[in-house]
2 protein chains.
Amino acid sequence: MSGTSPGMDITTLSALAEPNRMNIVQLLRSGPLAVGEIADRLGLRQPQASKHLKVLSDSGIVEVRIDANRRIYTLRPEPFQAMDSWVQSFRHLMEERFDNLDNYLRELQNKDKP
Amino acid sequence: MSGTSPGMDITTLSALAEPNRMNIVQLLRSGPLAVGEIADRLGLRQPQASKHLKVLSDSGIVEVRIDANRRIYTLRPEPFQAMDSWVQSFRHLMEERFDNLDNYLRELQNKDKP
DNA sequence: AACGAATATTCCCGTCAAGGAATATTGAGA
DNA sequence: TCTCAATATTCCTTGACGGGAATATTCGTT
């Protein structure tokens, strides 16, 4: 069962596949933030911010640190590492990424054999 | 503009955030396939397979080559490259990936200043 | 031209996710 | 203990999405 790649975890992807949540993630790249801050900066109402953060939290993308009244949310590395290694398993498709010079040369060659 | 990714394209993510479509993508890793093959191997009915392939196609994850009666679907590299560079922009979070030894040392240090 | 194989499209239906508004919870402090 | 600030939770409604079944389209073959 737990053998080879069932594929990327779906919940991570669907958590990210929503604009507000994607914005939250982008925002948190620069550091941990409290719910109020997040809501303010993204123009969200507090309850919606909390809901989206719950989804992100349930999917493991984000973790929370309790500070008195506030909850400080932070990005967790694991889901990104997982995405990274999943995407890397498609190297064979994206050969062009590995070496820019190589890529450039490949581009030139394509003009000869299209 | 060319700074950090404005954010990953949502449609790519939501296209992948569905089990059957994820399975199709995994299946296509080993090479192009016709709709019937895909449906067969994944235990899908043909119409559902077509629908999912349309979503994948609309989002640019897959492209189609027409061969008489059949449509042969193939993975396109671009979305994966995009995901790759997006995920890479989170390197600062995933430092632990770079060097396992470094990670191990970091773990030890965390026991001293928590 | 007619038929069959392969695929796409349409219609209907049930489910689920997201926003809005109101309310509950928790903690700090007077 | 009362109150305020910060956050989570609930209820409701609406719209999007996926599956099922049937039908339309397209191409090769006879």
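Proteins get letters first, then strands, A, B, ... in listed order; numbering begins at 1 in each. Predicted model only: the values in this text are computed from it and were never measured.
- Using a 4.5 Å heavy-atom threshold, the side chains of Glu18(B) and Leu13(A) count as separate.
- Taking the side chain as every heavy atom from C-beta outward, Arg41(A) and Leu33(A) approach each other to under 4.5 Å.
- With hydrophobic clusters built from ILVMFWY side chains whose heavy atoms lie under 4.5 angstrom apart, Tyr73(B) does not share a cluster with Val55(B).
- Ranked by how close their nearest DNA chain C nucleotide is to the 5' end, Arg70(B) and Ala68(A) are led by Arg70(B).
- With hydrogens and angles disregarded, no donor-acceptor distance shorter than 3.5 Å links the side chain of Arg21(A) to the backbone of His52(A).
- Atom NZ of Lys54(A) is separated from atom P of dA18(C) by 13 Å (rounded to the nearest Å).
- Distance Ile24(A) CD1 to dA18(C) P: 11 Å, rounded to the nearest Å.
- One N or O donor and one acceptor, one from the side chain of Asn69(B) and one from the base of dA5(C), sit under 3.5 Å apart.
- Between the CD atom of Glu37(A) and the C1' atom of dT7(D) there is a distance of 14 Å, given to the nearest Å.
- When the P atom of dA6(C) is taken as reference, atom CD1 of Ile38(B) falls 14 Å away, rounded to whole Å.
- One atom, CD1 of Ile66(B), and another, P of dA5(C), lie 21 Å apart when rounded to the nearest Å.
- Residues Arg65(A) and Arg71(A) are not in side-chain contact: their nearest non-hydrogen atoms beyond the backbone lie 4.5 Å or more apart.
- The side-chain heavy atoms of Glu78(A) and Phe80(A), taken from C-beta on, include no pair separated by under 4.5 Å.
- Put simply, CZ on Arg71(B) is 13 Å from C1' on dA5(C), counting in whole angstrom units.
- Note: CG (Leu42(A)) to P (dG19(C)) measures 12 Å, nearest angstrom.
- When heavy atoms are screened at a 4.0 angstrom cut-off, Ala49(B) is found touching no nucleic acid atom at all.
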task: Would you give a per-nucleotide map of nucleotides 10-24 of chain D, 5' to 3', where B means the base has a protein non-hydrogen atom under 4.0 Å away, S means only the sugar-phosphate does, and - means neither?
output: B-------SBBBB--
